[in-house]
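Below: the structure, in structure tokens.
This structure is a prediction, so every number in the text was calculated from the model and none was measured. Just so we're on the same page: letters track the sequence lines, and every chain starts at 1.
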Number of protein chains: 2
Amino acid sequence: MTSPRVLIVDDQELIRAGFRLILTARGIDVAGEAGDGAEAVDAERRLHPDVVLMDIRMPVMDGLEATRRILARSPRCRVLMLTTFDLDRYVYSALALGASGFLLKDVTADHLAAAVRLVGTGDALLSPTITRRLVQRFAGAQPAVHRDLSPLTPRETEVLALLGKGLSNTELAATLTLSEATVKTHVARIFAKLELRDRAQAVVLAYETGLVTPGT
Amino acid sequence: MTSPRVLIVDDQELIRAGFRLILTARGIDVAGEAGDGAEAVDAERRLHPDVVLMDIRMPVMDGLEATRRILARSPRCRVLMLTTFDLDRYVYSALALGASGFLLKDVTADHLAAAVRLVGTGDALLSPTITRRLVQRFAGAQPAVHRDLSPLTPRETEVLALLGKGLSNTELAATLTLSEATVKTHVARIFAKLELRDRAQAVVLAYETGLVTPGT
DNA sequence: GAGGATCTCAGACCACGGTCCGATGCCATG
DNA sequence: CATGGCATCGGACCGTGGTCTGAGATCCTC
């Protein structure tokens, strides 16, 4: 298992030392430390770590601004935010900046190591409370899916997804390498099952169900 | 480092075997396997695993329903959803059900192991794309507007908004108390100005620009 | 008051989209 | 092996949708 190189950023030296102990004891390479945001930006530029463990509250330059600058220069770098409190504004702005995850400081040693390894492999993480809150927010703004897509066969779902992109029947046939006749039957079945009339209505439903999402 | 006990649920035996190999090779204890949702509920009750690796698409009972039943009985159990496609509806409903995370099946072996260890310690995870999407949804604002709506006259914008709801020309004429001929000219002008071909494409553009938003 | 932009409408044309009728092959389930 | 679901195709039908051309009415600005 390849181990990520880590940069530890926190204004408290004790915390840094503790983290360094925890990580090195589990075979994770600590590339360096920084005591504030400005130092962090500097250190990242020199050391090119895979993961940055970034405290939010710090003197000189806080973790959010430091994250912004680091990711602007090194988009492939993974930033794991650390904080004592799970204040919403921190979470959302950190994630909006492109941070890969968010950890409370009361994590266990094992947990911290696992989290670092995980974001090192490229995935993001969120603590359960934060994930739940995000989902709830989303669920609140998104009142249930109108119609159920389950009666559709896999192929039909595939067709609907492309239909949701606004493709014509000929384009559909081209991208799926099918005859237009086949495309028509698929489309007709979709309409029948979902009680649609138009492909326009199909596009609406694709967006409403989340089969297609804006911005992709 | 304490290792979580894992239950692998997938209808494809090859997948299960592969996952078992990956996890055991990295010192993670595989408590058992299940081939569909019903078996999974059963196995979880017998084995009490810390983590369930749950495929979504399965015969008999799908992963979502199985997750619901498992978490109803064993709320401390962590469920990690697996899927081939990152279809939104799966993501949201899975997370709403209380799943701890969501993984695409093309994960690397290291990644899978790290993810299992992480959720075993209690935290949730989301793939970067999904996290980003959640945050964007939450943030509400869809900044990336492909085409500019400014060349449209007020009336045309009004028509486009209704067009985005999937209305036909006759419905359009009815709701705006216009003749169908007038509707047609408006629609034609909109198409010309925005370089659209279909009303289907118009619906897409309405959603992409934020003129129409899902859930309203 | 001349001009431009906008909103309104009409008639005619044709293609694409949607429907209905068929048909075949495949595979899983029983 | 028989049944049913799924995916694939063809042909024929007709209507809505989209295009073009032209035109009257209002409201603005210059």
Side-chain angles (χ1 to χ4, degrees), chain A residues 147-206, chain B residues 10-15 35-39 55 57-62 84-85 147-206:
Chain A
R147 217 151 323 189
D148 194 11
L149 260 42
S150 55
L152 295 187
T153 69
R155 191 58 158 172
E156 287 163 357
T157 310
E158 200 180 349
V159 172
L160 179 56
L162 291 174
L163 214 45
K165 298 273 180 198
L167 299 198
S168 69
N169 283 340
T170 53
E171 288 171 339
L172 231 38
T175 59
L176 295 174
T177 53
L178 288 178
S179 86
E180 196 174 336
T182 308
V183 171
K184 281 191 171 188
T185 55
H186 282 310
V187 171
R189 284 219 199 310
I190 293 172
F191 288 174
K193 286 183 179 176
L194 302 181
E195 300 175 19
L196 300 173
R197 171 193 52 191
D198 276 343
R199 54 206 305 109
Q201 290 190 341
V203 175
V204 171
L205 191 120
Chain B
D10 197 300
D11 57 334
Q12 297 179 62
E13 202 173 330
L14 261 177
I15 299 271
D36 61 57
E39 283 184 27
D55 188 26
R57 295 200 183 188
M58 285 184 301
V60 185
M61 183 194 300
D62 69 6
T84 318
F85 314 103
R147 216 152 322 187
D148 195 8
L149 261 42
S150 55
L152 296 187
T153 70
R155 192 58 158 170
E156 287 163 357
T157 310
E158 200 179 348
V159 173
L160 178 56
L162 292 174
L163 213 47
K165 297 273 178 198
L167 299 198
S168 70
N169 283 340
T170 52
E171 289 170 337
L172 232 36
T175 58
L176 294 174
T177 54
L178 288 178
S179 85
E180 195 174 335
T182 308
V183 171
K184 280 191 171 188
T185 55
H186 282 311
V187 171
R189 285 218 199 306
I190 294 172
F191 288 175
K193 287 183 179 176
L194 302 181
E195 300 176 16
L196 301 173
R197 172 192 52 191
D198 275 344
R199 53 204 309 109
Q201 290 190 340
V203 176
V204 170
L205 191 122

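- For the pair B:Q201 CD and C:dC16 C1', the computed distance is 13 Å after rounding to whole Å.
- For the pair A:K193 NZ and C:dG18 C1', the computed distance is 17 Å after rounding to whole Å.
- Which of D:dT19, C:dC7, D:dT8 sits closest to the side chain of A:R155 comes down to D:dT8.
- The list of salt bridge (charged side-chain N to carboxylate O under 4.0 Å, His left out) pairs with a residue in residues 167-190 of chain B, not counting sequence neighbours, reads A:R197-B:E171.
- A search for side-chain contact (heavy atoms from CB on, under 4.5 Å) contacts involving A:A202 returns A:L160, A:L163, A:F191, A:L196, not counting sequence neighbours.
- The side-chain contact (heavy atoms from CB on, under 4.5 Å) search around A:V204 returns A:E208, B:V203, B:Y207, not counting sequence neighbours.
- Here B:L176 contributes atom CG and B:T182 contributes atom OG1; the two are 10.0 Å apart, rounded to the nearest 0.5 Å.
- The CG atom of B:L205 lies 10.0 Å from the CD1 atom of B:I190; values are rounded to the nearest 0.5 Å.
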Can you name the atoms? Protein N/O to nucleotides 20-25 of chain D N/O, anything below 3.5 Å, with the distance.
none

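- Two residues are said to be in side-chain contact when any heavy atoms from C-beta on lie closer than 4.5 Å; A:L178 and A:L172 fail this criterion.
- Rounded to whole angstrom, the span from the CZ atom of B:R197 across to the P atom of D:dT19 amounts to 11 Å.
- Straight-line distance from the NZ atom of B:K184 to the P atom of D:dG18: 9 Å, rounded to whole Å.
- Taking all atoms of both residues into account, the shortest heavy-atom contact from A:A206 to A:G164 is CB-CA, 3.8 Å.
- One distance of note links CG of A:D198 with CG of B:D198; it measures 10.0 Å at 0.5 Å rounding.
- Taking side-chain N and O atoms only, B:T153 has no distance below 4.0 Å to OP1 or OP2 of C:dA5.
- Two residues, A:V187 and B:P154, neighbour DNA chain C, and the one matched to the more 5' nucleotide by heavy-atom proximity is B:P154.
- Near-neighbour residues of DNA chain C inside residues 171-179 of chain B, defined by a heavy atom below 4.0 Å, number-ordered: B:L178, B:S179.
- The side chain of A:H186 approaches D:dA7 more closely than any other nucleotide in the set C:dC7, C:dG18, D:dA7.
- In this structure, B:N169 does not reach the D:dT16 phosphate: none of its side-chain N or O atoms is under 4.0 Å from OP1 or OP2.
- Counting to the nearest Å, the C1' atom of D:dG17 and the CG atom of A:D198 are 9 Å from each other.
- Using a 4.5 Å cut-off on side-chain heavy atoms (C-beta onward), B:D36 and B:D11 make no contact.
- Residues meeting the salt bridge (charged side-chain N to carboxylate O under 4.0 Å, His left out) test with B:E39, sequence neighbours left out: none.
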So which protein nitrogen or oxygen atoms get under 3.5 Å of nucleotides 26-30 of chain C's nitrogens or oxygens?
none

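- Residues passing the side chain to side chain donor-acceptor pair (under 3.5 Å) test with B:E156, sequence neighbours excluded: B:T153, B:K193.
- Atom CD of A:E158 is separated from atom CG of A:L162 by 6.5 Å, given to the nearest 0.5 angstrom.
- Distance CG (B:L196) to P (C:dC16): 18 Å, rounded to an integer number of Å.
- Residues satisfying the side chain to side chain donor-acceptor pair (under 3.5 Å) criterion with B:T185, sequence neighbours excluded, are absent altogether.
- For B:T182 and C:dC9, the shortest distance from a side-chain N or O to OP1 or OP2 is below 4.0 Å.
- The CD1-C1' distance, from B:I190 to C:dC7, rounds to 13 Å in whole Å.
- With sequence neighbours left out, B:N169 forms a side chain to side chain donor-acceptor pair (under 3.5 Å) with B:R199.
- At its two ends the helix from C:dG4-D:dC27 to C:dG30-D:dC1 runs along axes set 40° apart, each axis drawn from five pairs and the angle rounded to 10°.
- Under the rule for a side chain to side chain donor-acceptor pair (under 3.5 Å), B:T175 has no partner lying at least two apart in sequence or in another chain.
- The side chain of A:R199 contributes an N or O atom lying less than 4.0 Å from OP1 or OP2 of C:dG18.
- Summarising the geometry, the separation between CD on B:E180 and P on C:dA10 is reported as 11 Å, rounded to the nearest angstrom.
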